[in-house]
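The block underneath contains the structure these notes are about, expressed in structure tokens.
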Amino acid sequence: MRPAALAVSTLALLASQAAFAADKAEDAEEQPNDQDTITVTATRAPVTIADAPATVTVIDSEQIADELATDIRDLVRFEPGVTVRRAPARFGAALGTTGRAGNEDFNIRGIGGNRVLIQVDGIRSPQGFSFGAQDVGRGNATDVGLIKSVEILRGPASAFYGSDGLSGAISFTTSDPEDLIEPGANLGGFARAQYSSADSEFAETIAVAGMTGNLSGMLAYSRRDFQELDNQGTVDVEGPTRTAPNPQDGFSNAFLGKLLWTSGNHRLRLTGEYLEREVFSDVLSGRGPVFLFGPTPSWIVDSLTATDTTERKRASIDWTWQADMAGAGFLDYAHVAGYWQDGNDVQFADEDRSPTGTRPRPDRERLNTFNNEVYGATADFRSSFDTGGISHTLSLGGDVSWTTQEGLRDGVEPPFGEVFPARAFPVTDFTLGGVFIGDAIEISDGAFTLYPAIRYDFYDLDPTDDPLLPNFNETGQSGSRWSPKVGAVAKLGDNIRLFGNYAQGFRAPTPSQVNNFFENLAFGYTSAPNPDLEPETSETFELGVRYTTDTVNITLTGFAADYDNFISQEVVSGTGTPFDPSVFQFVNLDSVKVEGVEAKASYQADNGFRARFALALADGEVRSPGAPASALSTIDPLNVVFGVGYRDPDSAFGGELITTYNARKPANDAVGVCNGTCFRPSEFAIFDATAFYRIGDHLTVRAGIFNITDRKYAYWSDVRGLTTTSTITDAFTQPGRNASVSLSLQF
């Protein structure tokens, strides 16, 4: 109960200072807070966070820089309830995928993977994919150095964004030329160099923008060179007992270019984006004897290396029209865009083997690819009008995308009973689209605002007659779904708001789930398609209260979510023999329920003192037909963040000390997650410190020390599946004391 008591007492302390802070607000320098920070993701129309009918977080580029974030995991380091899983690289060439996906995916309130919508400039990121020795995440397809802001929406987002928004949405926005050019100037930009000792990463980013007449443009480039993420393992040997990190060497290049033409209320924008990332891994933990049957090794692995690459290309054109004054005409805002995106993931592994007997053991290679080529279009419009004494802000629009998705399994020395090249599913054309309408209905001059919305979605899976699957009868699938939501915000005076939200979400089945096919009859197993697979759905209720002034923001939220028709691959028939093989199939099996509370508070005084607090606590269970309810393993234990700092009123210097507490996963919430008793990392508290100093008007140096006390700790999300008998738990620990420093030049 100590963490809960700490949370309540801290909130009470912050709340007790509210009146004092409000009195001093008049002289305070303006800092971003919930009263003036705008979110668009929550309602598809600009609204302050204080007035949003849902729980949303906005992280801007300055916060990203101040917290010295180098990737999406750092981005949510101090955001309870939102995590990014990253296991150590301990995968094999043909078996095992631990850590292969790197930063895998966002997890919001215990639900992650393809069930969270991720979009960059309104364009959804390619899906993740896992099969056999291949594991493709979505966490490495965005470079945070080129991000202007990110919005994190908790709860279903399907009413506005359609499929994949089952548990939430992550919306990245990149910079435009005018973001880099000061008013009255025609040239601007920035350059930043950063080093992080956690993975020996050197990062350099430069962006230049220019303007002449109605035309402006920008070019930005970010380069990263890094090694393996450090941990606190001490066993530095070859073989499965190794706990020190396996050596890695990687780099990434990210380019962003924009050309913008403006004329009056119109703007036309061309965008090009390219990202490539390559990681070479020397999997020392995979070397040594391999025991398949009995005490005698089947072969010796002399070397296991891998090269994994991610490449994403995007080109888009969009037109925007903005009225001079809201409500002056039929439309306030119009936006139409078309885009092309191509995402390619290639995972190559080379395993050198030696025989232990007379049977030869040739070297093995595995080449697995996963590609998504997408064409799409989006449009949305807004209109403001009054009906009597009621004000409306109507949002409507839609989007459609056409994706060609394919994966390939290739290499040298396939398993007995298989041939290369092969596919786990046929090349599939995947159409996804929908239309939505929403309204912000303000009553009594905004004292009460209702936010109803609904979206109609459709999808169509059209598999090809793939020559690499000659014995497979592929089947198509199509479907549609209505996703409603309604939110409400009631203002109690100038500073207190009550908000509530009801929303439904859905996720269409993926091509690899509907038409998954793989067989090895010699070993007694096969997989079968499921053309009757239904979409996953969710239903969430959320209630909260906000107290907001110029200096104090406090939010307390409670939520309950039900997820139905969870898609899971199960054995549906067979005994596992060549004559009666086990049949694997993706089926709608599980029903999941998640409940929790979240609290967030911040305080900013006019003298520069500031404090922040955040807490997330959730509980969930999985119910499957014919089985007792079990705990939802993907929910993280209680997480609390508390920070105190100072920022000079003129923003010349500042710093912050941040404490992060993670509770231990309760034993009854880990039953059934592992083959035995689960390893549950101990509770921990770590301390981080960040600071900045502005040298003149254009140069800023930032530095941070993380895990100051050099605490050995691990996150539950990273160790899921390990048992208490495991001897390699230290391999899953986080870096010890580490530091980061950056130098930024604004020009």
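Side-chain atoms are counted along with the backbone in the values below, which use heavy atoms only and exclude waters and symmetry mates.
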For [X] and [Y], does a side-chain donor sit closer than 3.5 Å to a side-chain acceptor?
X	Y	answer
Asp564	Ser591	yes
Asn565	Thr537	no
Thr83	Asp636	yes

Full working for side-chain hydrogen bond (donor to acceptor under 3.5 Å, both in side chains) between Glu373 and Thr404: CA-CA 5 Å; Glu373 186 176 21; Thr404 298; 5.4 Å; no

Residues Thr403, Gln405; criterion side-chain hydrogen bond (donor to acceptor under 3.5 Å, both in side chains); working and verdict: CA-CA 6 Å; Thr403 301; Gln405 188 174 105; over 6 Å; no

Asp249: side chain to side chain donor-acceptor pair (under 3.5 Å) partners, not counting sequence neighbours: none

Taking the basic N atoms (NZ, or NE/NH1/NH2) and the acidic carboxylate oxygens, is any pair closer than 4.0 Å for [X] and [Y]?
X	Y	result
Arg277	Glu311	no
Asp143	Arg224	yes
Arg287	Asp302	no
Asp105	Arg138	yes
Arg312	Asp342	no
Glu536	Arg115	yes

Aromatic plane relationship, Tyr195 with Phe202 - under 30° parallel, 30 to 60° tilted, over 60° perpendicular: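 Judged by the thresholds at 30° and 60°, the geometry between Phe202 and Tyr195 is tilted.
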
Do the side chains of [Y] and [X] get nearer than 4.5 Å, heavy atoms only?
X	Y	answer
Thr356	Arg361	no
Gln569	Asn516	yes
Asn114	Arg507	yes
Phe472	Pro529	yes
Asp410	Asn368	no
Arg423	Asp466	yes
Arg85	Asp718	yes
Val76	Val84	yes

Tyr715 ring center within less than 6.0 Å of Phe684 ring center: yes

Centroid-centroid distance, Phe129 to Phe425, less than 6.0 Å: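 Ring centres of Phe425 and Phe129 closer than 6.0 Å.
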
Could you pull out the closest heavy-atom pair between [X] and [Y], with the gap in Å?
X	Y	result
Val116	Ser167	CG2-OG, 3.3 Å
Pro240	Arg90	O-NH2, 3.0 Å
Leu229	Asp199	CA-CB, 4.0 Å

Name of the residue among Asp345, Asp308, Thr97 meeting side-chain contact (heavy atoms from CB on, under 4.5 Å) with Val136: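 Of Asp345, Asp308, Thr97, side-chain contact (heavy atoms from CB on, under 4.5 Å) with Val136 is met by Asp345 alone.
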
Side chain Thr464, main chain Val427, donor-acceptor under 3.5 Å: yes

Check the surroundings of atom [atom1] in [X]: do more than 12 heavy atoms from other residues, nucleotides or ligands lie under 6.0 Å from it?
X	atom1	result
Ile708	CD1	yes
Asn473	CG	no
Arg223	CZ	yes

Evaluation steps, side chain to side chain contact (heavy atoms under 4.5 Å, CB included), between Phe517 and Leu469: CA-CA 8 Å; Phe517 178 75; Leu469 295 170; 3.8 Å; yes

Stepwise side chain to side chain contact (heavy atoms under 4.5 Å, CB included) check, Glu278 with Ser252: CA-CA 6 Å; Glu278 181 175 306; Ser252 69; over 6 Å; no

Phe91: ring pair (Phe, Tyr, Trp, His ring centres under 6.0 Å) partners, not counting sequence neighbours: none

Derivation and outcome, side chain to side chain contact (heavy atoms under 4.5 Å, CB included), residues Tyr713 and Asn707: CA-CA 10 Å; Tyr713 69 99; Asn707 193 7; 3.6 Å; yes

